[in-house]
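Data block below; observations after.
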2 protein chains.
Amino acid sequence: MNLKHSKQRDSIKEFLKGRKDHPTAAVVYENVRKTIPNISLGTVYRNLTLLADIGEISRIHVGDGVDHFDADISPHYHFICRECGNVMDMDMDKMDLEKAAGRNFCGEIEYHTICFYGKCEKCCEASIQKKHNVTLC
Amino acid sequence: MNLKHSKQRDSIKEFLKGRKDHPTAAVVYENVRKTIPNISLGTVYRNLTLLADIGEISRIHVGDGVDHFDADISPHYHFICRECGNVMDMDMDKMDLEKAAGRNFCGEIEYHTICFYGKCEKCCEASIQKKHNVTLC
DNA sequence: ATAATATCAGTAATTGTTACTACTTTTAGA
DNA sequence: TCTAAAAGTAGTAACAATTACTGATATTAT
């Protein structure tokens with residue numbers, strides 16, 4: 001393997017592993033800067049791309065125009081709140097859809113993604129509070 | 001409704017309706033230009049966004065960094081060829097996944113998308129031809 | 001008709017991401 | 001443990017997709 005060690009890449013990977021949300025490159029940059037103040041945004045992008053390419057992290061497209069990254073590479077699905085934009089994991093098994101999909105399809109299906117969209121728990125509570133003008137404890 | 005009529009918007013909608021693939025804004029622009037030569041790319045973007053917002057078309061994110069648009073707003077899933085980048089419809093029923101997903105989730109699920117990724121029929125054939133150095137009829 | 005306003009063309013600005021360049025680290029081998 | 005090749009880096013410029021702005025035009029209700 002022609003990969004060399006770098007503390008920048010380590011920090012990026014470590015930061016991602018400590019998060020359960022799905023940060024963007026900009027968020028990774030802002031946070032890794034706390035330990036490596038002069039790290040470059042380009043370095044963050046390059047290493048996120050590299051880590052995703054070699055399969056150590058995964059890149060998530062949720063439709064907000066920004067790439068998100070996830071240290072959890074086990075197969076799972078995502079939920080995106082249309083209110084606050086948060087990306088969270090869905091606690092459900094991965095579906096065996098590819099066999100069903102392949103019945104009417106002549107190419108080769110390699111993998112699939114599912115995104116659920118709606119309003120997350122927090123935003124649901126917030127809108128109830130707003131509607132009834134009360135504060136839940 | 002504070003919507004006024006415009007031939008630009010009509011052309012955009014009509015072009016989209018005549019396509020079974022899922023063109024990008026740039027492709028829409030290039031084609032609508034054949035009937036309205038001095039239409040602006042900004043107008044295409046604005047109207048695609050407007051039509052998507054009012055639900056007359058849908059915007060598709062497949063992860064290639066470019067937005068695709070689809071005049072077919074009936075619920076269905078997509079396949080994206082990782083070789084040629086084509087976006088096509090999957091001929092399968094929409095799954096009832098939201099009930100299952102909601103069991104361990106406290107927010108409100110409004111809709112979901114599924115994207116299958118792999119190699120399309122054409123690209124499969126092309127790679128077989130390349131491997132065996134033959135031309136299929 | 002005409003006034004109000006949605007829409008337009010053209011262009012500038014913004015945003016997320018990638019490429020480039022000269023300098024710095026890492027690491028395998030003498 | 002030197003040393004030099006290769007990978008990595010910071011900083012910045014470039015890029016591509018998209019959006020915002022501006023003054024002009026088209027549509028529609030009255």
Side-chain angles (χ1 to χ4, degrees), chain A residues 1-16 21-70 80 85-87, chain B residues 1-16 21-70 80 85-87:
Chain A
M1 175 76 85
N2 52 353
L3 263 191
K4 284 180 182 173
H5 193 246
S6 96
K7 67 177 195 289
Q8 287 88 343
R9 186 152 58 231
D10 281 351
S11 290
I12 291 167
K13 202 165 26 169
E14 191 166 348
F15 168 71
L16 256 192
D21 62 344
H22 304 71
T24 62
V27 171
V28 174
Y29 175 57
E30 280 311 316
N31 281 275
V32 173
R33 227 139 73 105
K34 290 170 188 166
T35 32
I36 308 176
N38 68 334
I39 195 174
S40 164
L41 181 58
T43 298
V44 172
Y45 272 106
R46 185 158 14 83
N47 279 296
L48 286 172
T49 299
L50 175 63
L51 290 168
D53 285 349
I54 64 178
E56 295 207 19
I57 65 174
S58 71
R59 183 190 295 260
I60 308 165
H61 304 282
V62 300
D64 61 355
V66 199
D67 288 2
H68 294 251
F69 296 88
D70 191 351
I80 298 97
N86 272 359
V87 181
Chain B
M1 175 74 85
N2 51 354
L3 261 191
K4 283 181 181 172
H5 192 248
S6 97
K7 66 176 196 292
Q8 287 88 343
R9 187 152 57 232
D10 282 350
S11 290
I12 290 167
K13 201 165 28 169
E14 190 165 349
F15 169 72
L16 257 191
D21 62 345
H22 305 72
T24 62
V27 171
V28 174
Y29 175 58
E30 280 311 316
N31 282 274
V32 172
R33 228 141 69 110
K34 290 171 189 166
T35 31
I36 308 176
N38 67 333
I39 195 172
S40 164
L41 180 58
T43 298
V44 172
Y45 271 107
R46 187 161 11 86
N47 279 297
L48 286 172
T49 299
L50 175 63
L51 289 168
D53 285 349
I54 64 178
E56 295 207 20
I57 64 174
S58 70
R59 183 190 294 262
I60 308 166
H61 304 281
V62 300
D64 62 354
V66 199
D67 288 2
H68 294 252
F69 296 89
D70 190 352
I80 297 96
N86 272 359
V87 181

query: Which residues pass the side chain to side chain contact (heavy atoms under 4.5 Å, CB included) test with Ser40(B), sequence neighbours left out?
result: Thr43(B)
Run the side-chain hydrogen bond (donor to acceptor under 3.5 Å, both in side chains) test against [X] and tell me which residues pass, sequence neighbours left out.
| X | value |
| --- | --- |
| Asp64(A) | His68(A) |
| Asp10(A) | His5(A) |
| Thr49(A) | Arg59(A) |

- prompt: Does any non-hydrogen side-chain atom of Leu48(A) lie less than 4.5 Å from one of Leu50(A)?
  reply: no
field: Axis bend over the full length of the helix from dA1(C)-dT30(D) to dA30(C)-dT1(D), computed from five pairs that close each end, to 10 degrees
entry: 30°
- prompt: How many angstroms lie between OG in Ser58(A) and CG in Leu51(A), if you round to the nearest 0.5 Å?
  reply: 11.0 Å
- prompt: What's the spacing between His22(B) NE2 and Ile57(B) CD1 if we round to 0.5 Å?
  reply: 11.5 Å
query: Checking side chain to side chain contact (heavy atoms under 4.5 Å, CB included) for the pair Val44(B)/Ile39(B): CA distance, chi angles, key distance, verdict?
result: CA-CA 8 Å; Val44(B) 172; Ile39(B) 195 172; 4.2 Å; yes
- prompt: Can you give one letter per nucleotide of nucleotides 3-20 of chain C, going 5' to 3': B for a protein heavy atom under 4.0 Å from the base, S for sugar-phosphate only, - for none?
  reply: -BBSSSBB-----SBB--
- prompt: What residue pairs, at least two apart or across chains, pass salt bridge (Lys or Arg N to Asp or Glu O under 4.0 Å) with a residue in residues 41-57 of chain B?
  reply: Lys13(B)-Glu56(B)
Residues 25-32 of chain A side chain polar contacts: donor-acceptor under 3.5 Å, at least two apart:
unit_1   : atom_1 : unit_2   : atom_2 : d
Tyr29(A) : OH     : Arg33(A) : NH1    : 3.4
Asn31(A) : OD1    : Lys34(A) : NZ     : 3.1
Asn31(A) : ND2    : Val27(A) : O      : 2.8

message: Can you give me the first and the last nucleotide of DNA chain D (5' to 3') that has an atom within less than 4.0 angstrom of a non-hydrogen atom in chain A?
response: dA5(D) to dG11(D)
